[in-house]
Amino acid sequence: MALAFWRGWSVRARLLSIIIVPVAYMFVTFVAYAWQSRLTEVREELAERGPLVAKVVADSSEYSISLGKLDELRSSVSRMVQSDSSIHKVELFDKARKPLLQVASRSGDQPEPSYYEAPILRRLVWMNMQSLAPGPEGMTVETVGHVRVTMSSTAMLRKQTGRFCFALLVASLGLLVCALLAWHLAKQFSHSLNASIRALREADAEKRRLIRKVNSAVEEERKSIALEIHDELNATLIAVRLESQRVVDLSRKLEQGPEAQEIAARAQGVIQLALGLYNSGRALVRRLRPEVLEMLGLQGALEEMVRHYDRAGAGCRFEFQAEGDFSKLDSAVAISAYRTVQEALSNVVKHARATRVTVSLRQAAGPQGSTLLIEVADNGKGYDPAQASPGIGIIGMRERADAFGGSLAIATGHQGTTITIRLPLGM
């Protein structure tokens, strides 16, 4: 459900997303890492330069602080501040933390919230005039002031930003090249895939047309065979029956004897054989050419078929249910549905060992139009679809459904089987 939007995308859009999304993720990751690296570099440089500047100023201020030459000190500190754009402000204090001088940068950059301090130390060495050599006990260190340096990262950030923008430009050009290449590849692949899909659809449509033509040819051939049986074989059987009846009648006019009785018996046997062959021919004609379908329509023909199976079925009940108007069905769809149900019921009788079979016929409305829905359900033994291969009958049923853009589904298991046939109407 979370990826339902993906189904509405074209093949090209899906390919582009598959290629661009990882590349874009890598690009964003690279940009974030590069920027953080620049910031870290600026912070580390400030943390290293701040204490160094404070120590240099403190060491160079000892003499000026001791002699009170603050103007010279201010001048040297100002030159240092102006020459180093990372120094925002330098402040000098005496040992009591009283401000002595303050030199700030004129650039107007934003200062860092932290600062760096260093003590200004005055070292006094006492000389022994007799030996002219200092002794360790003759050196004193005194703190005469403090230096406070406030740094600014603006200039460094500006410099690093320029470098970062250059790297970003190069990466963006690489991303653009990847996007153009992905677009070209997706376009080529989409064209190739669409051409293959069109070829498959055309082949599938041609297959359906071929199956419909084959089914139509089979039905025409069945009609031709049925006419041959009806007009030739059945007519001949009727003639045989009439001639045999004539022989019986003639044998009755002869003198009653063993020969006459044998002639009459044999002629009567010929009559029974001709009658049986005639009935078999009539049943074969009805199977080859379902005249009931032309007279009663699909609903009546299926109802008559189910009634016939119900009368013939020993220990198995056959029921028929219908919902809707099926009088305007296309003849090709009707004959295909009739043959499919005929094959399904034949399979039930041969293999299912069922005690109850239900055939339902109805129309179902869908987003793409009305659909003829047929279900043949039994409570038989069922089978395992993973271990059983489809037979010729199932293959023929599925091909009949596919010929009209329909489908055939089989739901089975350890008990019961349901065959669902869907045939789109209006094709």
Side-chain angles (χ1 to χ4, degrees), residues 30-169:
F30 167 76
V31 169
Y33 175 77
W35 178 247
Q36 289 298 325
S37 298
R38 301 295 180 181
L39 293 179
T40 303
E41 185 177 348
V42 168
R43 286 194 293 267
E44 290 178 353
E45 187 173 356
L46 285 178
E48 181 180 355
R49 183 176 295 186
L52 180 60
V53 171
K55 187 175 186 308
V56 169
V57 173
D59 292 342
S60 62
S61 301
E62 175 188 356
Y63 178 75
S64 300
I65 292 292
S66 300
L67 300 179
K69 297 180 179 181
L70 298 181
D71 292 337
E72 295 181 2
L73 181 58
R74 181 185 299 273
S75 178
S76 61
V77 172
S78 297
R79 287 193 300 270
M80 178 182 293
V81 171
Q82 297 303 322
S83 63
D84 193 344
S85 58
S86 63
I87 303 175
H88 176 72
K89 183 172 58 175
V90 176
E91 298 175 279
L92 275 77
F93 304 90
D94 60 10
K95 62 181 180 180
R97 295 285 179 174
K98 181 179 178 181
L100 296 177
L101 63 87
Q102 176 179 310
V103 178
S105 175
R106 300 177 183 177
S107 60
D109 295 338
Q110 293 294 326
E112 289 291 309
S114 60
Y115 54 85
Y116 304 92
E117 287 190 349
I120 302 174
L121 302 179
R122 183 172 59 184
R123 295 174 176 83
L124 299 178
V125 180
W126 299 96
M127 304 294 294
N128 188 344
M129 298 304 294
Q130 294 179 355
S131 60
L132 299 179
E137 69 281 4
M139 178 182 292
T140 59
V141 178
E142 179 184 1
T143 301
V144 296
H146 300 274
V147 175
R148 177 182 298 173
V149 177
T150 304
M151 306 296 290
S152 175
S153 61
T154 304
M156 291 184 179
L157 286 177
R158 191 181 301 114
K159 182 178 179 181
Q160 295 293 344
T161 301
R163 296 178 180 176
F164 173 77
C165 290
F166 178 76
L168 181 62
L169 178 61

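Atom set for the values below is all heavy atoms of this structure, side chains included, hydrogens, waters and symmetry mates excluded. These figures come from a predicted structure and were not determined experimentally.
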Q | side-chain contact (heavy atoms from CB on, under 4.5 Å) between Met80 and Val53, worked out | A | CA-CA 9 Å; Met80 178 182 293; Val53 171; 4.2 Å; yes
Q: Just jot down the side chain to side chain donor-acceptor pair (under 3.5 Å) partners of Glu112, sequence neighbours excluded, or say none.
A: Ser153
Q. What residues form a side chain to side chain donor-acceptor pair (under 3.5 Å) with Arg43, not counting sequence neighbours?
A. Thr40
Summary of salt bridge (Lys or Arg N to Asp or Glu O under 4.0 Å) pairs that have at least one residue in [range], sequence neighbours excluded:
{"range": "residues 74-84", "result": "Arg49-Asp84"}
{"range": "residues 50-63", "result": "Lys55-Asp59"}
{"range": "residues 96-107", "result": "Arg97-Glu117"}

Quick one: [atom1] on [X] to [atom2] on [Y], what's the gap to the nearest 0.5 Å?
{"X": "Asp71", "Y": "Leu101", "atom1": "CG", "atom2": "CG", "result": "9.5 Å"}
{"X": "Ser75", "Y": "Leu70", "atom1": "OG", "atom2": "CG", "result": "12.5 Å"}
{"X": "Ser105", "Y": "Lys89", "atom1": "OG", "atom2": "NZ", "result": "11.5 Å"}

Any idea which heavy atoms bring [X] and [Y] closest together, and the distance?
{"X": "Ser78", "Y": "Val103", "value": "OG-CG1, 3.5 Å"}
{"X": "Gly50", "Y": "Tyr116", "value": "CA-CD1, 3.6 Å"}
{"X": "Ser86", "Y": "Leu46", "value": "CB-CD2, 4.4 Å"}
{"X": "Thr150", "Y": "Pro111", "value": "CG2-CB, 3.8 Å"}

Side-chain contact test, heavy atoms from C-beta onward, threshold under 4.5 Å: evaluate it for [X] versus [Y] and give yes or no.
{"X": "Met151", "Y": "Ile87", "result": "yes"}
{"X": "Ile120", "Y": "Arg122", "result": "no"}
{"X": "Phe164", "Y": "Val31", "result": "yes"}

Q) Does Ser61 offer a backbone N or O that forms a donor-acceptor pair with the side chain of Ser64 under 3.5 Å? A) no
Considering residues at least two apart in sequence or located in another chain, which fulfil the side-chain contact (heavy atoms from CB on, under 4.5 Å) criterion with [X]?
{"X": "Glu41", "value": "Arg38, Gln160, Arg163"}
{"X": "Ser85", "value": "Ala155"}
{"X": "Lys95", "value": "Glu142"}
{"X": "Pro119", "value": "Leu121, Thr143, His146"}

**Q.** Partner set under salt bridge (Lys or Arg N to Asp or Glu O under 4.0 Å) for Arg158, not counting sequence neighbours
**A.** Asp109
(Q) Applying salt bridge (Lys or Arg N to Asp or Glu O under 4.0 Å), can you list everything that pairs with Lys69, at least two apart in sequence or on another chain? (A) none
Q: Just jot down the ring-ring contact (aromatic ring centres under 6.0 Å, His included) partners of Phe93, sequence neighbours excluded, or say none.
A: none
